[in-house]
Structure formats: C-alpha cells, structure tokens
Novice: 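Quick one: the structure is below, and I'll ask about it shortly.
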Amino acid sequence: MPGSANPEFLRRAIALATENVVGGKGGPFGAVVVHDGRIVGEGANAVTATNDPTAHAEVNAIRTAAKTLGTFTLAGCELYTSCEPCPMCLAAAYWARLDAIYYGACAVDAARAGFDDALLYAELSKPHRERRIPSQQLLGEEARASFAAWIASPNKVVY
C-alpha cells in the first residue's frame with residue numbers, strides 16, 4: 001500500500017459512523033479522504049436523511065474532497081472508511097483514482113448488521129438478461145454518436 005496507514009484517520013471515520021447512528025442521522029458508516037497527512041473530505045451515510053440511495057459515506061467523503069481540492073481526480077489521496085466499501089463505493093474510489101483504501105469492519109460484519117453486499121456482487125457477475133433488474137440495449141447506433149462527438153472534441157477533459 002502506498003504511504004503508511006494512520007489509525008487516527010480510521011478512528012475518525014469510525015467516530016463519524018457511530019455519531020451518525022447515535023444522532024439518528026443514518027446508517028453506521030463514516031469515511032474520510034486524506035491528502036498529504038490531512039483530512040480533505042469526510043462523510044457519513046446520509047441515505048435515509050436525504051432520500052438519496054447514493055449518499056454513502058465514501059461517496060460523500062469523495063465528493064467533499066474533490067470540491068476541497070478543486071479536482072475530479074484524487075490521485076495522491078487515501079480513503080479511510082469504517083467498513084469495507086460496497087461495490088458502488090469501491091467503484092467511486094477507482095473512478096476518483098485514490099491511492100489506497102483502509103477500512104475497519106469487513107463485508108461480513110456489515111452483512112450481520114443487515115447490510116449485505118453479496119447480492120450486488122452476485123448480480124454483477126450475471127449476464128444482463130439474468131439480473132433481477134432487467135437491462136436491454138436500445139438505440140446503440142444513435143447513442144454511439146455521443147462517443148464520436150467526444151472523440152472528435154478538441155475541448156474534452158480526459159478522465
């Protein structure tokens with residue numbers, strides 16, 4: 001792992017998770033993003049508080065860090081999260097180009113508390129037609145025009 005993990009940052013993520021539950025604000029998840037030894041973003045689960053199913057702690061911390069640093073790429077940053085990231089949050093960490101992820105509780109611990117990501121991992125491994133939520137491609141040729149415009153654009157910002 002790049003750098004060396006600092007348990008104090010993970011303790012902050014765990015504290016955010018616990019405060020979130022005790023304060024009645026949401027689920028037991030907290031996260032911080034660290035850059036150059038300082039927290040640049042933090043977040044707690046806000047799914048039920050905001051009626052936003054994507055408002056996971058890691059996503060909220062990543063959004064805050066990106067805003068703080070003024071960039072969409074968080075290369076050079078590390079994510080500390082109270083629990084092993086779900087598939088969505090793991091994908092967000094990859095899209096953000098984070099250098100490392102440190103977590104406290106694992107997916108099995110989350111499943112014992114009623115947060116079971118196993119379904120999502122299983123669904124992702126199935127062919128589209130066999131998933132719980134049906135998925136079908138439509139208008140592929142028309143949709144590819146957007147990519148042609150992207151490829152030809154002199155103004156694109158590659159990410």
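Values in this document were obtained by computation on a predicted structure and should not be read as measured data.
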Novice: Specify the closest pair of heavy atoms between Leu79 and Glu58, including all atoms of both residues, with the distance to one decimal.
Specialist: CD2-CG, 4.0 Å
Novice: Would you confirm whether Arg132, through its side chain, and Glu123, through its main-chain N or O, come within 3.5 Å as a donor-acceptor pair?
Specialist: no
Novice: Please check if Leu90 and Met88 belong to a single hydrophobic cluster, counting links between Ile, Leu, Val, Met, Phe, Trp and Tyr side chain heavy atoms closer than 4.5 Å.
Specialist: no
Novice: Could you tell me if the side chain of Pro134 sits less than 4.5 Å from the side chain of Arg129, heavy atoms only?
Specialist: no
Novice: Quick one: list whatever passes side-chain contact (heavy atoms from CB on, under 4.5 Å) with Ala152, sequence neighbours left out.
Specialist: none
Novice: Has the side chain of Thr18 got a donor or acceptor atom that lies under 3.5 Å from a matching backbone atom of Ala15?
Specialist: no
Novice: Looking only at atom types and distance, does a side-chain atom of Asn20 sit under 3.5 Å from a main-chain N or O of Ala44, one as donor and one as acceptor?
Specialist: no
Novice: Report, as yes or no, whether the 6.0 Å neighbourhood of atom CD on Gln137 holds more than 12 heavy atoms from other residues, nucleotides or ligands.
Specialist: no
Novice: Could you tell me which residues satisfy side-chain contact (heavy atoms from CB on, under 4.5 Å) with Ala55, sequence neighbours excluded, listed by chain and number?
Specialist: Ala46, Thr50, Asp52, Asn60
Novice: Quick one, Thr81 and Cys89 - any side-chain contact, counting heavy atoms below 4.5 Å?
Specialist: no
Novice: Under a 3.5 Å distance rule, please check whether Arg97 uses its side chain to pair with a backbone N or O of Trp95 as donor and acceptor.
Specialist: yes
Novice: Could you tell me whether a side-chain N or O of Lys126 sits under 3.5 Å from a main-chain N or O of Arg131, the two making a donor and an acceptor?
Specialist: no
Novice: Test of understanding: clusters of I, L, V, M, F, W, Y form through side-chain heavy atoms closer than 4.5 Å, transitively. Do Leu16 and Val21 belong to the same one?
Specialist: no
Novice: Kindly give the heavy-atom pair with the smallest separation between Arg38 and Leu69, and that separation in Å.
Specialist: NH2-CD2, 4.5 Å
Novice: Is a side-chain donor or acceptor of Glu42 paired with a backbone partner of Val33 at a separation under 3.5 angstrom?
Specialist: no
Novice: If I compare all heavy atoms of Ser82 with all of Pro28, which pair ends up nearest, and what's the gap?
Specialist: OG-O, 3.8 Å
Novice: Hydrophobic clustering (ILVMFWY, side-chain heavy atoms < 4.5 Å, transitive) - are Val47 and Phe115 grouped together?
Specialist: no
Novice: Set out, in order, the CA-CA distance, both residues' side-chain angles and the distance that settles side-chain contact (heavy atoms from CB on, under 4.5 Å) for Tyr102 and Glu78, then state yes or no.
Specialist: CA-CA 8 Å; Tyr102 302 102; Glu78 300 169 331; 3.7 Å; yes
Novice: Just to verify, what does Arg11 make a side-chain hydrogen bond (donor to acceptor under 3.5 Å, both in side chains) with, not counting sequence neighbours?
Specialist: Glu8
Novice: Does Phe72 have more than 12 heavy atoms from other residues, nucleotides or ligands lying within 6.0 Å of its CZ?
Specialist: yes
Novice: I'd like to check Val34 versus Val32 (side-chain heavy atoms, cut-off strictly below 4.5 Å). Are they in contact?
Specialist: yes
Novice: Kindly state whether the ring of Tyr80 and the ring of Tyr103 have centres lying under 6.0 angstrom apart.
Specialist: no
